[in-house]
Chemist: 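Can you keep this structure in mind? I'll have questions shortly.
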Amino acid sequence: VQKLFQKLAYFVYSTQFVAPQQCLCDIFNTSNMAKDVTSAIDLMPRVVLVNRCILIGKDNKILLIQRSAEDPWLPGKWEFPGGKLDPGQSPTDALERELWEETHLTMTPISRQAYAYGKILTEGKYAGLPFLEIIGIANLQGGRLTLSKEHQDSGWKTIEEAYSLELTDETRKALGELEETLNTKH
């Protein structure tokens, strides 16, 4: 029954009803069932907002991390450290938090919003939702590189070396847009 509620909640959410709870009360003719379904709707984001960090280290190399082969989303692909914002969190706060959570490294920001990329997701659990990725640039400040369990490998790469990796589309696009900026000394 719970899976049915989740599927129905996704349908209601993805079709963007103005008042999903009232609609569900009408469908189920009871407010308790509608509340269960709308609780599932409330847990879903309206926009998938992701913040990533291009971290510049020694010799102007940038840090890339490889997603776990078992990850259901883009397994084995290389990307900049980062992830989804927590509810109520600003993109500026997320830059430091995500970098720390995924790498145990700290940074000094150069530009918190150097590049943005958006699209409507067409697959996965967020299919149909707007996706916005904000990429900042920072210098390595300190820490000892320790990957989260979401990732299986990391490497400090020149931009040319980075292009030889199996990058996420968003990472490849950001590199292309920011290549000139990244090639200047920071």
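When reading the values below, keep in mind they use all heavy atoms of this one structure, side chains included, and skip hydrogens, waters and symmetry mates. For clarity, every value in this text was computed on a predicted model and none was experimentally measured.
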Chemist: Evaluate the side chain to side chain contact (heavy atoms under 4.5 Å, CB included) criterion for residues Thr103 and Ser154: first the C-alpha distance (whole Å), next the side-chain angles of each, then the deciding distance (0.1 Å), finally the verdict.
Modeler: CA-CA 9 Å; Thr103 66; Ser154 66; over 6 Å; no
Chemist: Can you tell me how far apart CG (Leu147) and CD (Gln152) are? Round to the nearest 0.5 Å.
Modeler: 9.5 Å
Chemist: From Arg67 CZ over to Thr168 OG1, what is the distance, rounded to the nearest 0.5 angstrom?
Modeler: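 These two atoms lie 8.5 Å from each other.
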Chemist: Which of these passes side-chain hydrogen bond (donor to acceptor under 3.5 Å, both in side chains) with Tyr117: Glu133, Glu170, Lys173?
Modeler: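 Result: among Glu133, Glu170, Lys173, Lys173 is the only option passing the side-chain hydrogen bond (donor to acceptor under 3.5 Å, both in side chains) with Tyr117.
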Chemist: If hydrophobic clusters are built by linking Ile, Leu, Val, Met, Phe, Trp and Tyr wherever their side-chain heavy atoms come under 4.5 Å apart, do Leu140 and Ile56 end up in the same one?
Modeler: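 No, no single cluster joins them.
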Chemist: For the pair Glu179 and Ile159, evaluate side chain to side chain contact (heavy atoms under 4.5 Å, CB included) and give the outcome as yes or no after the intermediate values.
Modeler: CA-CA 7 Å; Glu179 189 169 350; Ile159 292 174; 3.9 Å; yes
Chemist: Can you list the steps and then say if Asp86 with Arg97 is a salt bridge (charged side-chain N to carboxylate O under 4.0 Å, His left out)?
Modeler: CA-CA 10 Å; Asp86 288 342; Arg97 180 187 59 80; 3.4 Å; yes
Chemist: If you measure from OG1 on Thr108 to CD on Glu96, what distance do you get to the nearest 0.5 Å?
Modeler: 9.0 Å
Chemist: Going from SG on Cys53 to CG on Leu95, what distance comes out if it is rounded to the nearest 0.5 angstrom?
Modeler: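 Here the rounded value is 4.5 Å.
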Chemist: Does Gly76 offer a backbone N or O that forms a donor-acceptor pair with the side chain of Gln66 under 3.5 Å?
Modeler: yes
Chemist: Same hydrophobic cluster for Leu49 and Leu121, using side-chain heavy-atom links shorter than 4.5 Å among ILVMFWY?
Modeler: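 Each belongs to a different hydrophobic cluster.
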Chemist: Tell me whether Leu165 shares a hydrophobic cluster with Ile65, the cluster being built from Ile, Leu, Val, Met, Phe, Trp, Tyr side chains joined at under 4.5 Å.
Modeler: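 Unlinked, Leu165 and Ile65 end up in two clusters.
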Chemist: Give, for atom CD1 of Ile135 and atom OG1 of Thr171, the distance between the pair rounded to the nearest 0.5 Å.
Modeler: 6.0 Å
Chemist: Consider only side-chain heavy atoms of I, L, V, M, F, W and Y, link residues closer than 4.5 Å, and tell whether Leu99 and Trp156 are in one cluster.
Modeler: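 Yes, it is one cluster - the side chains of Leu99 and Trp156 are joined through contacts under 4.5 Å.
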Chemist: Check whether Asn60 reaches the backbone of Leu182 with its side chain - one donor and one acceptor, N or O, closer than 3.5 Å.
Modeler: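 Yes.
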Chemist: Restricting to non-hydrogen atoms, name the atom on Phe80 and the atom on Leu63 that form the minimum distance, rounded to 0.1 Å.
Modeler: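 Closest approach of Phe80 to Leu63, heavy atoms only: CD2-O, 4.0 Å.
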Chemist: Quick check: closest heavy atoms across Thr158 and Lys61, and the distance to 0.1 Å?
Modeler: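 Heavy-atom minimum between the residues: CG2-CE, 3.9 Å.
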Chemist: For a quick test of reading the model, state the closest non-hydrogen atom pair linking Trp78 to Leu64 and the distance between them.
Modeler: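 In this case the closest contact between Trp78 and Leu64 is CZ3-O, 3.5 Å.
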Chemist: Any donor-acceptor pair under 3.5 Å linking the side chain of Ser111 with the backbone of Ile137?
Modeler: no
Chemist: What pair of heavy atoms forms the shortest contact from Arg52 to Glu79, and how long is it?
Modeler: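 Arg52 and Glu79 have their closest heavy atoms at NH2-OE1, 3.2 Å.
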Chemist: So for atom CD, which belongs to Glu160, do other residues, nucleotides or ligands contribute more than 12 heavy atoms lying within a distance under 6.0 Å?
Modeler: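 Counting neighbours around CD of Glu160, more than 12 heavy atoms of other residues, nucleotides or ligands fall under 6.0 Å, so yes.
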Chemist: I need the minimum non-hydrogen distance between Leu178 and Ala114, along with the two atoms involved.
Modeler: CD2-O, 3.7 Å
Chemist: Please report the shortest heavy-atom distance between Leu85 and Ala94, naming the atom on each side.
Modeler: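 Smallest interatomic distance, heavy atoms only, reads CG-CB, 3.7 Å.
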Chemist: Consider only side-chain heavy atoms of I, L, V, M, F, W and Y, link residues closer than 4.5 Å, and tell whether Ile110 and Tyr115 are in one cluster.
Modeler: yes
Chemist: Give, for atom CG of Leu175 and atom CZ of Arg172, the distance between the pair rounded to the nearest 0.5 Å.
Modeler: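 Result: 8.0 Å between the selected atoms.
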